[in-house]
J.: 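Have a look at this one before I ask anything.
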There are 2 protein chains.
Amino acid sequence: MDVEALVFDVFGTVVDWRGGVAREAARLLGPGVDAAAFADAWRDRYQPSMDRVRSGERPWVVLDDLHRESLPGALAAVGAGGVPDDVADELVLAWHRLDPWPDAVPGLTRLRRSFVLAPLSNGGVRLLVDLARRAGLPWDLVLGAEVAGRYKPDPEVYDSAPRLLALPPSSVCMVAAHLDDLVAARERGLRTAYVHRPDEFGGREVPPASDPAADLSVASIEELATALGC
Amino acid sequence: MDVEALVFDVFGTVVDWRGGVAREAARLLGPGVDAAAFADAWRDRYQPSMDRVRSGERPWVVLDDLHRESLPGALAAVGAGGVPDDVADELVLAWHRLDPWPDAVPGLTRLRRSFVLAPLSNGGVRLLVDLARRAGLPWDLVLGAEVAGRYKPDPEVYDSAPRLLALPPSSVCMVAAHLDDLVAARERGLRTAYVHRPDEFGGREVPPASDPAADLSVASIEELATALGC
């Protein structure tokens with residue numbers, strides 16, 4: 001695969017959103033709330049909240065705002081009541097404090113020697129900067145939904161990566177643990193690499209071991225580095 | 001100065017454009033061309049070329065395209081003839097291969113421990129990524145004209161930094177060696193730091209030693225790190 005840049009989905013592909021949100025929820029909501037179920041309930045509201053932006057029903061808002069708006073429903077879904085504004089703010093920031101999967105930093109560090117690396121996430125720019133600074137993710141730059149003003153899988157997000165990197169789409173590879181992300185990337189001419197993350201959903205959903213339509217399927221970002229000769 | 005992010009002008013403030021362009025010109029054009037005079041002649045066309053975009057006379061184009069268009073005039077100004085397309089392409093890439101001032105990498109490396117760091121330059125995203133990867137500039141993300149779709153000193157460029165970093169403008173400091181850049185940043189509510197770069201223009205213009213209107217005036221990025229307690 002002859003590419004110059006790798007762009008990464010982040011939630012689930014590079015970082016463990018479920019474990020990180022559950023950790024912060026346990027800290028902020030106490031033992032009376034099932035923290036993992038709360039993380040799942042919040043994530044269940046993720047796609048529907050973006051759909052209202054994708055459809056044009058509402059103008060662009062950054063993911064933090066969508067998380068804040070969907071928080072009461074997620075709390076109610078696990079039988080928790082409302083929380084004060086300062087706790088709600090802290091819970092939204094849980095998404096800025098997610099731990100990377102163990103292979104992410106070593107894999108990205110190897111890949112960066114040979115490839116331009118960027119997140120291409122639905123998370124906002126500040127969220128992605130916070131994640132990277134906390135975890136040591138060695139991005140060259142931050143790309144994604146907020147830079148494009150649209151949420152994946154809208155085509156403008158995928159188009160923004162080769163445009164801003166001054167590369168043909170076929171010189172950019174989208175790396176993700178989600179088949180629909182890779183389908184949309186291929187439709188815009190990007191190369192694709194699938195990362196199998198069996199633990200992303202804590203067993204609620206079991207992703208396939210590989211994506212036959214992708215250029216590569218790997219079990220970790222370190223395996224991706226090896227496959228690309230890094 | 002209580003800020004969370006520092007955004008940097010790049011050409012002249014972080015890297016030595018004159019020395020770098022002259023080095024590549026000497027390599028590509030040979031000894032018959034005064035390479036430093038050529039660098040100056042090309043830079044003389046920099047502001048006028050952006051003015052046509054700023055005024056709306058033409059739609060957005062990235063700086064590489066402006067450099068390419070102004071190249072024949074810069075060559076003619078030093079008595080050089082036209083060059084083949086491949087040489088012209090390489091000359092445009094000279095602006096992607098500029099060396100940092102000696103204090104830039106050590107100063108930025110110290111600053112990054114405490115502050116989010118980004119370029120806020122009129123150079124394109126790919127140019128800024130190439131400069132950073134070549135020189136080891138430790139940016140957290142790449143901001144600037146291409147992300148904003150406008151050239152400095154248009155206000156949208158300065159506004160884009162606090163917006164994408166989710167910070168109030170007063171929590172962002174613009175660092176530059178050019179007074180007009182800092183004037184425009186202050187008009188948008190950013191804090192400002194002036195870096196004295198006496199060698200930027202090879203003696204053709206002598207910048208002032210300090211900017212009394214800035215929050216800080218320093219002689220290097222290492223001095224900036226010291227002034228900010230890093």
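Chain letters run A, B, ... following the sequence lines, proteins first, then strands; residues in each count from 1.
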J.: Compile the donor-acceptor pairs, distance criterion under 3.5 Å only, formed between chain B and chain A.
T.:
from    : atom 1 : to      : atom 2 : distance (Å)
R112(B) : O      : R133(A) : NH1    : 3.2
R112(B) : O      : R133(A) : NH2    : 2.8
F115(B) : O      : R133(A) : NH1    : 2.9
R126(B) : N      : L164(A) : O      : 3.4
R126(B) : NH1    : L165(A) : O      : 2.7
R133(B) : NH1    : R112(A) : O      : 3.2
R133(B) : NH1    : F115(A) : O      : 3.0
R133(B) : NH1    : D140(A) : OD1    : 3.3
R133(B) : NH1    : D140(A) : OD2    : 2.8
R133(B) : NH2    : R112(A) : O      : 2.7
D140(B) : OD1    : R133(A) : NH1    : 3.3
D140(B) : OD2    : R133(A) : NH1    : 2.8
L164(B) : O      : R126(A) : N      : 3.4
L165(B) : O      : R126(A) : NH1    : 2.7

J.: Counting heavy-atom pairs under 4.5 Å with chain A, which one of V62(B), V147(B), V125(B), L137(B) comes out on top?
T.: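 Top count of heavy-atom pairs under 4.5 Å with chain A: V125(B).
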J.: Which answer fits A132(B), side chain, backbone, both or neither, if we ask what part of it has an atom under 4.5 Å from a heavy atom of chain A?
T.: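 For A132(B), there is no contact with chain A at all, as no heavy atom is under 4.5 Å.
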J.: List in chain and number order the residues that pass side chain to side chain contact (heavy atoms under 4.5 Å, CB included) with A193(A), two or more places apart in sequence or in another chain; answer none if no residue qualifies.
T.: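 Partners of A193(A) under the side chain to side chain contact (heavy atoms under 4.5 Å, CB included) test: C173(A), V175(A), L216(A), L224(A).
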J.: Answer with side chain, backbone, both or neither: which region of V116(B) has an atom nearer than 4.5 Å to a non-hydrogen atom of chain A?
T.: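 Backbone plus side chain of V116(B), per the 4.5 Å heavy-atom cut-off to chain A.
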